[in-house]
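Written below as structure tokens is the structure these notes are about.
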Amino acid sequence: MDILVVGAVLLALMLVLLAGGVWIAMTLAICGWVGQAFFTSTQPGKNLFSAFWESNASWELAALPLFIWMGEILFRTRLSEEMFEGLRPWLNRVPGRLMHTTILGCGIFGSVSGSSAATCATISKVALPELLKRGYDERIALGSLATAGTLGILIPPSITMVVYAVAADASIIRIFLAGFLPGALLMLLFSGYIAWWSLRHPARVPAADPPSSWREKLRQSRNLIPCAALIVFICWVLIAGWATATECAAYGVLGSLALAAWSRSLTWKNFREGLMGTTRTSCMIMFILAGASYLTKTMAFTGIPRELAEWVNAMHLSPYALIAVLTLVYLVLGTALDGISMIVLTSAVVLPMIQQAGFDLVWFGIFIVLLVEIAEVTPPVGFNLFVLQNMTGKDSNTIARAAIPFFVCLVLCIVLITLFPVIVTWLPDAVMGVSK
């Protein structure tokens with residue numbers, strides 16, 4: 001059977017199951033089983049068990065529940081509220097005010113966690129209740145959290161970047177350095193949209209507080225010290241090489257527990273509730289990861305990603321036409337695959353095409369990471385959409401519609417780094433010298 005027909009059948013089945021209310025992880029696993037049972041000669045049952053084990057038996061993945069637990073502790077004690085109170089006077093005159101904390105929080109936390117899911121889940125748990133309590137627009141809050149959560153894979157360190165560097169035989173350090181300026185640019189684009197939207201809809205943004213003096217601002221900033229000190233400490237031990245991301249997550253949990261106990265807001269009740277909330281969220285994410293891993297195996301056995309890449313190669317396009325078509329191909333793959341699988345399954349065909357077209361492999365690494373970010377908020381398998389759906393009870397399509405303006409910001413960022421590749425290459429060249 002034609003590869004494209006197989007892909008269309010599996011996509012249609014997925015949409016039907018999701019529309020019927022089947023659990024997301026079960027939907028992914030069922031589509032994977034159908035694909036292997038009817039369109040390949042493999043044993044679907046055997047691959048099911050191996051996919052579920054391999055996707056969750058990971059030391060790096062241990063950071064996920066720990067970071068989520070840290071967010072639960074901050075959320076269930078007074079620490080998150082104190083953090084927002086400390087930020088409020090400084091953002092009072094900025095259009096959008098505290099809405100920018102979603103972007104800033106995801107950017108800072110993304111540099112620590114390296115995971116889109118952990119960033120989205122943790123910052124959502126802390127920021128969303130506080131923003132809604134203060135009367136901010138829910139739609140903009142959901143859209144910004146879904147897309148800004150993807151900063152976890154663009155701002156180093158990033159597992160996705162490491163996978164690409166290995167596949168492309170490129171310098172991991174150069175690719176890490178290349179992610180900083182595009183990450184800052186994307187944060188500016190997100191915050192710029194929030195400011196523009198707030199100016200267009202002033203009635204949907206809480207009124208500004210009366211102007212406060214510098215002394216008052218500094219006094220309220222004392223509320224920032226506990227959480228800021230915790231974040232700085234986590235970033236410091238990671239950058240200094242004293243701890244891995246998983247160990248940093250453990251430090252984050254211990255630090256947040258110590259701060260909550262010091263502020264006398266830690267009780268046995270909120271400790272237990274935070275632990276149970278962490279368990280539910282972590283199990284949900286890991287179950288989805290397992291289903292996605294099984295579907296990825298099916299895609300590999302059917303050969304759909306490689307077939308698409310070879311189809312592009314056969315078109316003999318000009319360099320920029322090649323980039324445009326590859327963008328469309330990766331957007332299509334992003335509807336059914338996670339980012340790491342997209343890179344692994346297509347790199348053997350795509351990377352020689354990129355080199356032949358004269359593009360820098362470090363630049364292409366950031367380009368493909370941005371496309372992976374888009375895949376995280378693209379239905380029907382946008383992972384951040386699922387995370388927010390399970391955390392808020394909102395339908396994933398509702399969250400996807402809320403994320404559309406920020407989706408456009410992601411596309412604009414891709415256009416800018418394509419037209420001005422120096423945004424990506426300047427920092428690694430300045431630090432490590434021009435690559436040969």
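Along the sequence shown, residues carry numbers from 1.
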Could you tell me if the side chain of [Y] sits less than 4.5 Å from the side chain of [X], heavy atoms only?
X      : Y      : result
Pro206 : Tyr136 : yes
Phe367 : Val424 : no
Ile175 : Val369 : no
Ile399 : Asn384 : no
Tyr330 : Val372 : no
Ile366 : Leu154 : yes
Thr267 : Arg272 : no
Cys409 : Thr147 : no

Margin query: Pair Trp69, Leu275 - check side-chain contact (heavy atoms from CB on, under 4.5 Å), show working.
Written below: CA-CA 7 Å; Trp69 192 12; Leu275 202 56; 3.5 Å; yes
Check: So Glu373 and Leu370, side-chain contact (heavy atoms from CB on, under 4.5 Å) or not? Walk me through it.
Finding: CA-CA 5 Å; Glu373 288 192 66; Leu370 283 168; 3.4 Å; yes
Could you state the interatomic distance from [atom1] ([X]) to [atom2] ([Y]), rounded to the nearest 0.5 Å?
X      : Y      : atom1 : atom2 : value
Cys106 : Leu145 : SG    : CG    : 5.5 Å
Phe406 : Ile140 : CZ    : CD1   : 5.0 Å
Asp137 : Ser198 : CG    : OG    : 9.0 Å
Leu128 : Leu388 : CG    : CG    : 7.5 Å
Leu17  : Met26  : CG    : CE    : 9.5 Å
Asn397 : Gln389 : CG    : CD    : 8.5 Å

Checklist line | Check: Thr398 side chain, Lys394 main-chain N or O, donor-acceptor pair, under 3.5 Å | finding: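 Flag not set: sc Thr398 to bb Lys394 has no pair under 3.5 Å.
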Exercise answer: donor-acceptor pairs, residues 180-192 side-chain atoms, under 3.5 Å, sequence neighbours excluded:
residue, atom, partner, partner atom, Å
Ser191, OG, His100, ND1, 3.4
Ser191, OG, Met187, O, 3.4

Checklist line | Verdict with supporting geometry, Val205 and Trp197, side-chain contact (heavy atoms from CB on, under 4.5 Å) | finding: CA-CA 10 Å; Val205 179; Trp197 182 89; 3.9 Å; yes
Shortest non-hydrogen contact from [X] toward [Y]:
X      : Y      : result
Leu142 : Ala402 : CB-CB, 4.5 Å
Tyr294 : Gly32  : CE2-C, 3.5 Å
Asp360 : Val362 : OD2-N, 2.9 Å
Gly365 : Ile368 : O-CG2, 3.2 Å
Val377 : Ala146 : CG1-O, 3.4 Å
Ser144 : Ile103 : CB-CD1, 4.1 Å

Margin query: Between Phe271 and Ile73, is the side-chain contact (heavy atoms from CB on, under 4.5 Å) condition met? List the steps.
Written below: CA-CA 7 Å; Phe271 177 84; Ile73 295 167; over 6 Å; no
